[in-house]
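Chain naming here is simple, since letters A, B, ... match the order of the sequence lines and numbering starts at 1 in each. For clarity, every value in this text was computed on a predicted model and none was experimentally measured.
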Amino acid sequence: MAYWLMKSEPDAFSIDDLERVGIEPWDGIRNYQVRNMIRDEMKPGDRAFFYHSNTKVPGIVGIMDIVSEARPDPTAFDPDAKYYDPKSDPDKPRWLLVDVKYVRHTQRVIPLPELKADPALEEMPLVRRGNRLSIMPVTEDQWEHILSLEDPD
DNA sequence: GCCAACGTTGGC
DNA sequence: GCCAACGTTGGC
């Protein structure tokens, strides 16, 4: 079982939205490195942090389960979709998604500056300069460490 | 295959 | 809203 961190802008899709719907196709991935990771390494049963990006307080806000294999992202075929890609052919899909399932909110938002300041997390791509991956792997040690930050005492 | 221009991400 | 970083596009 592997661990991940997945970013979403809460204005587009938030942890509260995920709680409401339960299971959601994580669509809109348009980066080859991320696509290859979900295709080759992500498996049902893996667990992920939900991260709010591009918002007033960016940070980790919840936990979810990966509940599907990677499968074609139908929004790539939809001319009206925000992430429509005319080069993605339904017979040979270029973009993939996985389904994610709500587990719970974290006990508090764990803000990015706190993650950045933590020596135990300095290897995380999230806190490294210039990183732009919307999905990234988290080691088991990092996962456990972040969980230990939930309770500020 | 090079690389300038352009678009996107995302913190601040 | 600004802008650094970086991926993609397309002319050559």
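Between the CZ atom of A:R128 and the P atom of B:dG10 there is a distance of 17 Å, rounded to whole Å. Computed from coordinates, the A:L126 CG to C:dA5 P distance equals 17 Å when rounded to whole Å. Going from atom CG of A:D11 over to atom P of B:dG10 covers 14 Å, rounded to whole Å.
A salt bridge links A:R20 and A:D17; the closest N-O separation between the charged side-chain nitrogens and carboxylate oxygens is under 4.0 Å. A salt bridge does not link A:R47 to A:E140: none of the charged nitrogens lies less than 4.0 Å from a carboxylate oxygen.
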Kindly give the atom pairs (protein nitrogen or oxygen, nucleotide nitrogen or oxygen) under 3.5 Å for nucleotides 7-9 of chain B.
unit_1 : atom_1 : unit_2 : atom_2 : d
B:dT8  : O2     : A:R132 : NH2    : 2.9

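With sequence neighbours left out, the side-chain contact (heavy atoms from CB on, under 4.5 Å) criterion links A:A117 to no other residue.
Between A:Y32 and A:W95, the gap from one ring centroid to the other is short of 6.0 Å.
Nearest-nucleotide positions on DNA chain C for A:R94 and A:N54 put A:N54 closer to the 5' end.
Of the side-chain N and O atoms in A:R129, one or more sit less than 4.0 angstrom from OP1 or OP2 of C:dA5.
Separating the NZ atom in A:K7 from the CD1 atom in A:I135 is a distance of 10.5 Å, to the nearest 0.5 Å.
The residue A:K56 sits apart from the nucleic acid: no heavy atom pair falls under 4.0 Å.
Within the 4.5 Å cutoff, the side chain of A:F13 has heavy atoms near those of the A:V21 side chain.
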